[in-house]
2 protein chains.
Amino acid sequence: MPTRTGRPPKISRADIVAAAHRIMRDEGTQGLTMRKLAGEVGTTAMALYRHVRDKDELMQLLLDDYAAKVARPELSGDLDPGERVVAAAVAMRDALIGVPWIVEVLRADDMMSVHALWYPETIIDAAVRSGMPREAAVDMYRIIWHYTAGEITARAAAARRREDERPTYRAAVFANLDPAELPNLAALGERWEELTARDTYETGVRAIVRGLLAAHSTAM
Amino acid sequence: MPTRTGRPPKISRADIVAAAHRIMRDEGTQGLTMRKLAGEVGTTAMALYRHVRDKDELMQLLLDDYAAKVARPELSGDLDPGERVVAAAVAMRDALIGVPWIVEVLRADDMMSVHALWYPETIIDAAVRSGMPREAAVDMYRIIWHYTAGEITARAAAARRREDERPTYRAAVFANLDPAELPNLAALGERWEELTARDTYETGVRAIVRGLLAAHSTAM
DNA sequence: ACCTGAACACCGTTCAAGT
DNA sequence: ACCTGAACACCGTTCAAGT
């Protein structure tokens with residue numbers, strides 16, 4: 001058994017990740033800086049680089065750590081395949097709704113961390129059981145993912161905007177609509193604010209699933 | 001007629017916006033800094049603040065300028081309402097595909113600049129003509145918008161990733177899948193890369209439209 | 001009225017030196 | 001082996017001074 005030599009560590013990866021989660025929760029992606037994180041952990045910014053290659057690796061660590069903690073919801077066994085897809089998508093959205101920064105980190109990968117591959121697996125599995133070829137099932141997953149990522153991002157941005165005091169650019173635009181050119185928007189007027197605050201996520205996934213299943217059975 | 005006094009301007013808002021567009025095109029949102037922009041225009045960073053309140057206002061200017069230049073596609077008159085929605089959504093996606101930074105700027109507003117309100121108007125109008133109440137038509141527009149924003153962002157990120165040399169995190173994940181736990185993903189294996197490169201945007205909007213129209217006629 | 005230089009309060013990251 | 005201080009090459013923005 002090799003004896004470790006040298007100075008014993010003051011901080012650990014786990015300390016860093018835990019502190020980073022707290023900052024992310026309280027101040028968002030913007031608020032997470034290496035210097036502030038170091039302060040939270042109780043060292044200097046430079047010490048962090050002993051434990052983490054760079055900020056990108058830290059984000060990946062954060063993602064994996066969160067994904068590992070997300071519980072797998074039990075999907076009731078008597079759902080038909082389409083409803084299983086909807087239930088899995090809603091669960092995925094629920095897992096992301098409090099942590100919109102994750103969507104930024106995920107970016108292009110069309111998927112979450114290793115620990116969250118359960119979501120695509122379930123969605124693809126249910127789609128296949130509904131009679132789709134596996135390729136079409138992957139398309140369904142990706143379409144749902146793009147929709148989910150877009151919805152989460154818009155929701156987070158709307159929440160940020162509501163915290164802002166300044167009058168929205170949007171309000172100014174709606175005050176000056178030409179009803180001749182944009183009759184529907186002008187007719188909606190002040191109701192736009194209220195209508196766009198509604199949670200239509202599930203309506204959307206359900207439409208995607210229904211629409212894709214219908215398209216597939218027509219094509220047969 | 002009041003005489004203007006003082007030093008004549010060396011640069012204009014138009015110069016600034018034009019230079020900013022070039023930088024955005026060549027280097028993306030990351031590349032646009034006030035100092036670099038000033039260099040491109042031929043002044044100092046601080047001179048920009050005579051013409052633009054701050055970087056946020058500059059982004060809004062950029063957005064409006066681009067939106068004003070986007071041509072309205074003529075939608076053939078003999079499309080049924082559902083196909084009109086699809087055509088408008090595809091046109092909206094096409095207008096955004098080369099300028100993904102716009103989606104970042106738009107953030108929460110669920111819509112583009114004043115000059116691009118034509119898109120929601122057309123989509124809502126077609127949805128209403130297909131027999132939906134206006135509220136449901138707004139929902140349809142928002143669902144399509146979230147899907148579109150998510151797709152554009154993922155597409156841009158995928159393009160960036162392809163430019164990177166380093167082996168993708170995703171590749172490492174797929175090499176170590178447990179087929180017992182994730183049978184579908186394991187079966188897909190190397191095909192994942194190829195399958196997720198496919199353009200499924202139109203399939204997605206079409207499904208959304210079909211699904212929402214079906215849900216509405218069922219409910220009646 | 002417009003532009004400039006110096007400065008402020010930040011970033012992520014590197015590197016040589018300390019323990 | 002780990003941590004620290006000083007430093008580098010950046011940010012957006014302000015402010016007093018110049019033309």
Side-chain angles (χ1 to χ4, degrees), chain A residues 1-24 26-63 101 104-105 107 160 164-166, chain B residues 1-24 26-63 101 104-105 107 160 164-166:
Chain A
M1 176 183 181
T3 320
R4 307 286 190 115
T5 65
R7 188 169 178 170
K10 264 175 61 179
I11 58 173
S12 68
R13 254 166 120 105
D15 295 336
I16 294 172
V17 168
H21 271 300
R22 283 200 302 278
I23 295 175
M24 279 291 203
D26 297 341
E27 311 183 43
T29 325
Q30 288 259 26
L32 184 69
T33 72
M34 298 303 271
R35 284 165 161 93
K36 192 183 293 175
L37 176 56
E40 192 84 3
V41 181
T43 22
T44 63
M46 304 73 202
L48 300 175
Y49 288 86
R50 264 310 112 183
H51 303 268
V52 149
R53 182 146 36 105
D54 54 19
K55 205 182 175 183
D56 268 14
E57 201 197 62
L58 173 65
M59 299 295 265
Q60 191 59 251
L61 246 45
L62 233 49
L63 176 63
W101 56 267
E104 283 177 57
V105 178
R107 292 186 188 182
R160 237 179 289 128
D164 261 17
E165 292 300 307
R166 55 179 172 183
Chain B
M1 178 181 178
T3 320
R4 306 286 191 113
T5 64
R7 189 170 177 169
K10 263 175 63 178
I11 58 174
S12 69
R13 252 165 122 106
D15 294 336
I16 294 172
V17 168
H21 272 300
R22 284 200 300 278
I23 295 176
M24 280 291 202
D26 297 341
E27 312 183 42
T29 325
Q30 288 258 24
L32 185 70
T33 73
M34 298 303 271
R35 284 166 162 90
K36 192 183 295 176
L37 176 56
E40 192 83 4
V41 182
T43 22
T44 64
M46 304 71 201
L48 300 175
Y49 288 87
R50 261 312 111 182
H51 304 267
V52 150
R53 182 145 38 104
D54 54 20
K55 205 182 176 183
D56 267 15
E57 200 197 61
L58 173 64
M59 299 296 265
Q60 191 58 250
L61 245 46
L62 233 49
L63 176 63
W101 57 266
E104 285 177 56
V105 178
R107 292 186 186 184
R160 238 179 287 128
D164 260 17
E165 292 300 307
R166 56 180 173 184

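Quick note: numbers below take in every heavy atom, side chains included, and nothing from hydrogens, waters or symmetry partners. Every chain is numbered from 1 and lettered A, B, ... according to where its sequence line falls, protein lines coming before strand lines.
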From NZ of B:K55 across to C1' of C:dC11 the rounded distance in Å is 13 Å

Is A:H51 close enough to D:dA1 that one of its side-chain N or O atoms is under 4.0 Å from OP1 or OP2 there? no

Rounded to whole Å, the CD1-C1' distance (A:I23 to C:dG12) equals 15 Å

Taken to the nearest whole Å, CZ/A:R53 to P/C:dG12 is 17 Å

Among D:dG12, C:dT13, D:dC3, the one nearest any side-chain atom of B:M34 is D:dG12

Picking from D:dT4, C:dA1, D:dT13, the nucleotide nearest the side-chain atoms of B:R7 would be C:dA1

The salt bridge (charged side-chain N to carboxylate O under 4.0 Å, His left out) partners of B:R50 (sequence neighbours excluded) come to none

Donor-acceptor under 3.5 Å (B:K36 side chain, B:G31 main chain)
yes

- Query: So, does B:R13 use its side chain to make a donor-acceptor pair with the main chain of B:H51 at under 3.5 Å?
  - Reply: yes

Heavy-atom nearest nucleotide on DNA chain C taken for A:M46 and for A:G31; more 5' hit belongs to A:G31

note: A:Q30, atom CD; D:dC11, atom P; distance rounded to Å ~ 16 Å

Rounded to whole Å, the CD-P distance (A:E57 to C:dT13) equals 11 Å

Discussion item. With heavy-atom distances below 4.5 Å as the criterion, would you say the side chains of B:L48 and B:L58 are in contact?
Written reply: no

Stems field, DNA chain C, Watson-Crick or wobble, 3.5 Å, at least 3 pairs, by first number, holds C:4-8 with D:12-16, C:12-16 with D:4-8

With the side chain defined as heavy atoms from C-beta on, B:A47 is closest, among D:dG12, C:dT4, D:dT4, to C:dT4

Assign each of A:R35 and B:K36 the nucleotide of DNA chain D bearing its closest heavy atom; nearer the 5' end lies the nucleotide of A:R35

Rounded to whole Å, CG of B:L32 lies from C1' of D:dT13 at a distance of 15 Å

From CG of B:D54 across to P of D:dT14 the rounded distance in Å is 8 Å

Notebook entry, point to check: Is the distance from OP1 or OP2 of D:dT4 to the nearest side-chain N or O of A:K10 less than 4.0 Å?
Noted result: yes

(request) Pick the P atom in D:dA9 and in C:dA9, then give their distance to the nearest Å. (result) 22 Å

query: Side-chain contact, heavy-atom cut-off 4.5 Å: B:D56 with B:Q60?
result: no

In whole angstroms, the gap separating C1' of D:dG12 from CE of B:M59 amounts to 13 Å

* **Under 4.0 angstrom between A:T43 side-chain N/O and D:dC3 OP1 or OP2** => no

- Query: Any side-chain heavy atom of A:V52 within less than 4.5 Å of one from A:L61?
  - Reply: yes

- Is any side-chain N or O of B:T44 closer than 4.0 Å to OP1 or OP2 of C:dT4? yes

**Request:** For the pair A:D15 (side chain) and A:A18 (backbone), establish whether a donor and an acceptor sit closer than 3.5 Å, ignoring hydrogens and angles.
**Result:** no

**OP:** Would you sort out whether B:L32 and B:E27 count as a side chain to side chain contact (heavy atoms under 4.5 Å, CB included), showing the intermediate values?
**Re:** CA-CA 7 Å; B:L32 185 70; B:E27 312 183 42; over 6 Å; no

